[in-house]
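One structure below.
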Amino acid sequence: MRFQGLLQLRRLATAATLRQRHSSHIRTLTDTGTHTHGHTVVRTLASSASPLPELTQITDHVQRGNYATLNDKDVSHFEQLLGKNHVLTEDLDGYNVCFLKRIRGNSKLVLKPGSTEELAAVLKHCNERKLAVVPQGGNTGLVGGSVPICDEIVISLQRMNKVLSVDEVTGIAIVEAGCILENFSLRAQEVGLTVPLDLGAKASCHIGGNVSTNAGGLRVVRYGNLHGSVLGVEAVLANGQVLDLMSNFKKDNTGYHMKNLFIGSEGTLGIITKLSMLCPHESKAVNLAFIGLNSFDDVLKTFVSAKRNLGEILSSCELIDERALNVALEQFKFLNAPISGYPFYMLIETSGSNGAHDEEKLNQFISLGMERDEIRDGTVTGEPGKVQEIWKIREMVPLGLIEKSFCFKYDISLPLRDFYSIVDVMRDRCGDLANVVCGYGHLGDSNLHLNVNCDQLTDEIHKRVEPFVYEYTSKLKGSISAEHGIGFLKKDYLHYSKNPVAIDWMRDMKKMFDPNGILNPYKMLA
Ligand code: FAD
Ligand code: 2HG
Ligand code: ZN
């Protein structure tokens with residue numbers, strides 16, 4: 001069915017679809033955990049069904065580094081430093097296995113420091129003893145960076161979870177690294193601010209994990225990446241030294257911008273304990289359009305039109321292809337897509353300070369797209385509950401693909417003109433070996449999530465997918481990791497995006513910060 005204008009489009013949203021939804025399904029999932037929706041959804045969905053994977057050290061033939069082996073004296077020492085309750089030696093599966101259940105380590109010890117000083121004392125001991133460690137936040141990372149590969153000690157930031165201050169005047173918040181992103185956001189909202197980072201794992205991931213991976217998410221189009229928003233960090237180095245790079249100002253040109261080294265360094269240079277973040281004022285009016293399009297060419301035209309016509313109020317621009325959407329709908333029956341039958345869908349969000357003005361702009365944008373036959377159908381809503389409901393569809397896509405069966409996941413940056421072609425090429429390459437090959441992601445940031453879902457991980461399909469995906473990306477001068485990082489899964493492919501001179505400098509920097517190589521070994525630098 002074809003709609004001629006925004007009014008009809010809006011009627012479709014309110015009268016025909018959204019009102020008839022069973023939002024209770026969403027509530028059922030949200031109300032069962034300590035935190036709201038994401039936490040429970042993320043944890044329960046990911047932990048259901050599939051058994052634990054084999055130990056990665058064995059499957060991937062990893063040669064254990066030249067580290068000491070943990071002994072009883074070490075454990076007693078840690079118990080003295082942290083208290084017995086914060087030194088775990090049993091039931092460690094949740095800390096040893098990655099979110100995707102692809103990587104499994106064999107750590108015998110999890111430490112939960114409660115302060116920077118405690119963490120400093122822990123690392124000092126580990127460095128002197130040459131005990132390897134892996135920092136862990138919410139363990140939602142998708143590249144196997146947050147779990148041990150052999151028997152590294154897990155250092156969980158879970159207890160360092162406080163929002164220390166939020167300043168309404170300056171917009172600057174100071175927060176401990178182990179604070180769950182959603183809790184941080186709620187606290188910022190109390191004083192009318194917004195945390196400039198939002199992602200599907202928000203109810204489990206930690207702000208320290210976000211900064212350590214330089215997470216992107218749904219609002220990079222609006223707020224840029226974390227290098228701009230994070231004003232300062234405090235980190236404990238491998239030898240236990242505390243490096244205080246905290247700053248309360250946007251502008252600070254006193255020497256090297258060392259805080260940037262920790263943004264995206266995935267726990268290989270130090271452990272972030274605290275950070276300051278610039279939080280913009282919350283937008284009063286948020287509108288979200290979910291639209292269907294017939295071709296990728298129309299998607300690109302619509303994106304250009306969104307930038308041109310929505311300009312400063314554009315706050316998100318996401319793409320979901322039909323296959324990805326269908327998997328989410330198939331796996332999670334409580335989701336209802338407002339429209340169906342199109343090969344591509346876009347979520348276009350606006351947020352600003354003047355509702356009437358924003359709505360008028362969005363109306364014009366949609367009408368124009370429909371007149372040109374680029375936008376075929378859709379729904380628009382400004383009601384907070386409905387906005388959330390539509391976002392839920394997008395947020396459940398990655399989980400749907402994991403729930404279905406084994407899934408290769410990529411977060412590549414590609415030039416927009418070539419953004420989608422790899423999905424079709426990969427589908428041809430995989431043929432019957434794959435169940436679903438689909439693409440979705442942060443179109444507004446040129447960041448595609450290519451997902452290849454198959455019954456199980458076999459050498460045969462693995463070889464069809466890798467290193468082809470990286471070669472293809474590299475030929476287009478894209479990035480093999482736009483936002484998830486390198487971790488363990490991509491460490492052998494870093495050279496597709498970084499030249500040898502750059503990699504050598506990375507190695508030298510790593511040696512300087514961590515001469516014994518105790519921080520997150522086997523990751524990032526092969
Ligand atoms: P972890 O997974 O625990 O750790 C990630 C890495 O950071 C590891 O290398 C770890 O050693 C290191 N680390 C953690 N804490 C610290 C610390 N305090 N100091 C030093 N190093 C540390 N990512 C995106 O970028 N955009 C998305 O839109 C997005 N959506 C997602 C949706 C879902 C459903 C899921 C499951 C994941 C998604 N992710 C996304 C990936 C993941 O959530 C992010 O990478 C997130 O930033 C990881 O945070 P975490 O606290 O879970 O970190
Ligand atoms: C997202 O944008 C995340 O939803 C996860 O970055 C992507 O699972 C994926 O492939
Ligand atoms: Zn993403």
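One-based numbering, in listed order, for ligands and for the atoms of each. Side-chain atoms are counted along with the backbone in the values below, which use heavy atoms only and exclude waters and symmetry mates.
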Contact (N/O only, under 3.5 Å) between [X] and ligand 1:
X	value
Gln136	no
Asn520	yes
Gly137	yes

Please work out, at 4.0 Å between heavy atoms, whether the side chain, the backbone, both, or neither of [X] comes within that distance of ligand 1.
X	answer
Thr213	side chain
Leu218	neither
Leu157	side chain
Lys523	neither
Glu395	neither
Phe99	side chain
Leu142	side chain
Ala215	both

Best match, [options]: closest heavy atom to [atom]:
atom	options	value
atom 1 (P) of ligand 1	Gly145, Cys205, Ser146	Ser146
atom 53 (O) of ligand 1	Gly209, Ser265, Ser481	Gly209
atom 2 (O) of ligand 1	Pro135, Gly217, Gly141	Gly141

Practice task
Ignoring hydrogens and angles, tell me if any N or O in the side chain of Asp321 forms a donor-acceptor pair with the backbone of Ala324 under 3.5 Å.
Solution key: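 Judged by distance alone, yes, a pair lies under 3.5 Å.
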Problem - Side-chain donor/acceptor of Arg394 to backbone N/O of Val397, under 3.5 Å - result: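 A pair under 3.5 Å: no.
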With heavy atoms of [X] as the reference, note each atom of ligand 1 found under 4.0 Å away.
X	result
Ala177	18 (N)
Ile271	19 (N), 20 (C)
His442	28 (O)
Gly267	20 (C), 21 (N)
Thr140	2 (O), 36 (C), 37 (C), 41 (C), 42 (C), 43 (O), 46 (C), 48 (C), 49 (O), 50 (P), 52 (O)

Atom pairs and distances, side-chain donor-acceptor, residues 129-138, under 3.5 Å, sequence neighbours left out:
| residue | atom | partner | partner atom | Å |
| --- | --- | --- | --- | --- |
| Arg129 | NE | Asp74 | OD1 | 2.8 |
| Arg129 | NE | Asp74 | OD2 | 3.4 |
| Arg129 | NH2 | Thr69 | O | 3.1 |
| Arg129 | NH2 | Asp74 | OD2 | 2.7 |
| Lys130 | NZ | Asn66 | O | 3.3 |
| Gln136 | NE2 | Tyr95 | O | 3.1 |
| Gln136 | NE2 | Ser146 | O | 2.8 |

Considering the heavy atoms of [X], write down every atom of ligand 2 situated less than 4.0 Å from one of them.
X	answer
Arg394	1 (C), 2 (O), 4 (O)
His449	1 (C), 2 (O), 3 (C), 6 (O), 7 (C), 10 (O)
His442	2 (O)
Asn451	10 (O)

Regarding [X] and [Y], does a basic nitrogen lie under 4.0 Å from an acidic carboxylate oxygen?
X	Y	result
Lys274	Glu234	yes
Glu176	Arg159	no
Lys490	Asp411	yes
Glu349	Arg222	no

Handout entry: ligand 2 contacted by His484 (non-hydrogen, < 4.0 Å)
Key =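 For ligand 2, residue contact (heavy atoms, under 4.0 Å) with His484 is present.
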Exercise for the section: Just let me know how Glu395 lines up against ligand 2, side chain, backbone, both or neither, with a heavy-atom cut-off below 4.0 Å. Expected result: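 Looking at Glu395 and ligand 2, no heavy atom falls under 4.0 Å.
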Ring geometry between [Y] and [X] (parallel below 30°, tilted from 30 to 60°, perpendicular above 60°):
X	Y	answer
Phe408	Tyr410	parallel
Tyr420	Phe296	parallel
Tyr345	Tyr342	perpendicular

Assess the side chains of [X] and [Y]: does a donor N or O sit below 3.5 Å from an acceptor N or O?
X	Y	value
Tyr67	Asn516	no
Thr268	Asp514	no
Ser351	Ser315	yes

Practice task
Start with the C-alpha gap between Ser405 and Asn453, add the side-chain angles, then the distance that decides, and say whether side chain to side chain donor-acceptor pair (under 3.5 Å) holds.
Solution key: CA-CA 7 Å; Ser405 48; Asn453 180 284; 2.9 Å; yes
Problem - Close approach of Gly270 to ligand 1, heavy atoms, under 4.0 angstrom - result: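 Checking ligand 1 against Gly270, which is what was asked, there is a heavy-atom contact under 4.0 Å.
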Handout entry: Close approach, Gly216 and ligand 1, non-hydrogen under 4.0 angstrom
Key =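 The answer is yes: ligand 1 sits under 4.0 Å from a heavy atom of Gly216.
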Practice task
Can you pull out the closest protein heavy atom to atom 9 (C) of ligand 2? Residue, atom name and distance to 0.1 Å, please.
Solution key: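 The protein heavy atom lying closest is Tyr440 OH, 3.0 Å.
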Practice task
Provide, to 0.1 Å, the distance between atom 8 (O) of ligand 2 and the closest protein heavy atom, together with that atom's residue and name.
Solution key: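 Looking at atom 8 (O) of ligand 2, the protein heavy atom closest to it is Lys409 NZ, 2.7 Å.
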Problem - If only protein N, O or S atoms under 2.8 Å count, total around the Zn ion (ligand 3) - result: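 With waters ignored, the protein N/O/S count below 2.8 Å is 3.
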Problem - Option among Leu448, Leu476, Ile412 that satisfies the side chain to side chain contact (heavy atoms under 4.5 Å, CB included) test with Phe419 - result: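 Considering Leu448, Leu476, Ile412, a side chain to side chain contact (heavy atoms under 4.5 Å, CB included) with Phe419 is found only for Leu448.
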Compile the donor-acceptor pairs under 3.5 Å between side chains in residues 238-246 and protein atoms, sequence neighbours left out, one pair per line.
| residue | atom | partner | partner atom | Å |
| --- | --- | --- | --- | --- |
| Asn239 | OD1 | Gln241 | N | 2.8 |
| Asp244 | OD1 | Met246 | N | 3.0 |

Other residues, nucleotides, ligands: >12 heavy atoms within 6.0 Å of [X] [atom1]:
X	atom1	answer
Asp508	CG	yes
Arg219	CZ	yes
Lys409	NZ	yes

Handout entry: ring-ring contact (aromatic ring centres under 6.0 Å, His included) partners of His442, counting only residues at least two apart
Key =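 So His442 forms a ring-ring contact (aromatic ring centres under 6.0 Å, His included) with His449.
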